[in-house]
Every structure is written in C-alpha cells, then in structure tokens.
Amino acid sequence: QVQLVESGGGLVQAGGSQTLSCAASGSTFGAYAMGWFRQAPGKEREFVAAINWSAGTTNYADSVKGRFTISRDYAKNTVYLQMNSLKPEDTAVYYCAFRYGTWSHVHINYAYWGQGTQVTVSS
C-alpha cells in the first residue's frame, strides 16, 4: 500500500504561480513513478506531468510544457509541481498519483491517488 498526501492549491490570479506537494509513504520501493493529473468540472481526468523516481526523468502534457515543473525530493519522498504563468484554463482539482514501473500518461495505470487539491485561477 502507498499513501499520498497532497498540500498546496488554492486561489491564484492569472499569471501567478503556485506549488503543489505530494508526500508518499508506505511501500515506496523498487522502480516507480509519480505523476500529477487534473480534472476540471465536466471533463475527464487529464495527465499533467510525471517523473520516474530513480532516474528523475520527467514528462509533461503539451498544455503545461514550459510553465510547469515536476521535481522530487528523494530524501523526503515528496514530489512537487511548480506551476508558473497560470491560466484560468488551469483551474481544476489536481491529483497526485503513484505507479510501479515507469511513468504513464494514462490515469488508469496509476494504482494509488492522493485526495486531490483544488487550484483556481482567476482572470
């Protein structure tokens, strides 16, 4: 079992920045990846970014490339999502996710999820 606890989120103005954190605990061993997904009202959950834990290699959705940065603190077992130049269309509930193996952009491939945190970008 893996537990994920998210923090961060809230209301921010367009053009602003925000950082989300996700601390993992439990069976976090071997090769695994952590990702961020988001879901806006009435829309499907979509991939935002992911990182392969050991290698630190990252991947991003085209919609956030150049604006968002995923990173990890190996010692704290925590993944971060630094979001810059936020746009109203970034408004969504953001979820942290964990899977064994390498990263995937498909949400059903992740077995463990955080509770979600709301990010609202005002125009």
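Note that this is a predicted model, so its numbers are computed, not measured.
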May I have the step-by-step check of side-chain contact (heavy atoms from CB on, under 4.5 Å) for Met34 and Cys96, ending in yes or no? CA-CA 7 Å; Met34 293 183 70; Cys96 172; 3.6 Å; yes
Trp103 backbone acceptor or donor facing Asn52 side chain under 3.5 Å: yes
Please determine whether residues Val119 and Val93 belong to a single hydrophobic cluster, defined as Ile, Leu, Val, Met, Phe, Trp and Tyr linked transitively by side-chain heavy-atom distances below 4.5 Å. no
Testing the basics here: between Ala40 and Ala92, what is the closest heavy-atom pair and its distance to 0.1 Å? N-CB, 3.8 Å
Could you give all pairs that pass the salt bridge (Lys or Arg N to Asp or Glu O under 4.0 Å) test and reach residues 66-89, with sequence neighbours left out? Arg67-Asp90
Heavy-atom pair of closest approach, residues Ser104 and Asn109: OG-ND2, 2.9 Å
May I ask you to establish whether Arg45 and Tyr95 are in a cation-pi arrangement, using a distance under 6.0 Å from NZ or CZ to the six-membered ring centre and at most 45° from the ring axis? yes
Reported CD-to-CH2 distance for the pair Gln115 and Trp113, which is rounded to 0.5 angstrom: 12.5 Å
Thr91 (side chain) donor-acceptor with Val121 (main chain) under 3.5 angstrom: yes
Spacing of CD1 belonging to Ile51 relative to OG belonging to Ser71, to within rounding of 0.5 Å: 6.5 Å
How long is the span from the OH atom in Tyr94 to the CZ atom in Arg38, to the nearest 0.5 Å? 4.0 Å
If you round to the nearest 0.5 Å, how far is CD of Gln13 from OG of Ser122? 5.0 Å
Straight-line distance of Phe68 CZ to Ser17 OG, nearest 0.5 Å: 9.5 Å
I'd like to check Val12 versus Thr120 (side-chain heavy atoms, cut-off strictly below 4.5 Å). Are they in contact? no
Proximity of Phe47 and Trp36 rings by center, below 6.0 Å: no
Minimum-distance pair of heavy atoms, taken over all atoms of Leu4 and Ala24: CD2-CB, 3.6 Å
Test item: Leu81 and Thr69 side chains (from C-beta on) under 4.5 Å apart, heavy atoms: no
Can you label the angle between the Tyr32 ring and the Tyr100 ring as parallel, tilted or perpendicular, going by 30° and 60°? perpendicular
Derivation and outcome, side-chain contact (heavy atoms from CB on, under 4.5 Å), residues Val79 and Trp53: CA-CA 9 Å; Val79 65; Trp53 196 258; 4.1 Å; yes
Taking a hydrophobic cluster as the set of Ile, Leu, Val, Met, Phe, Trp and Tyr residues connected by side-chain heavy atoms closer than 4.5 Å, whether directly or through intermediates, do Ile70 and Tyr80 fall within one such cluster? no
Which pairs count as salt bridge (Lys or Arg N to Asp or Glu O under 4.0 Å) when at least one residue sits in residues 18-34, sequence neighbours excluded? none
Does the side-chain contact (heavy atoms from CB on, under 4.5 Å) test come out yes or no for Ser21 and Glu6, once each step is laid out? CA-CA 6 Å; Ser21 302; Glu6 300 177 30; over 6 Å; no
OG1 of Thr19 to CG of Asn84: how many Å apart, nearest 0.5 Å? 7.5 Å
Closer than 3.5 angstrom, by distance alone: can the side chain of Tyr110 be matched with the main-chain N or O of Phe37 as a donor-acceptor pair? no
Taking the side chain as every heavy atom from C-beta outward, state whether Val5 and Cys22 have any pair of such atoms under 4.5 Å apart. no
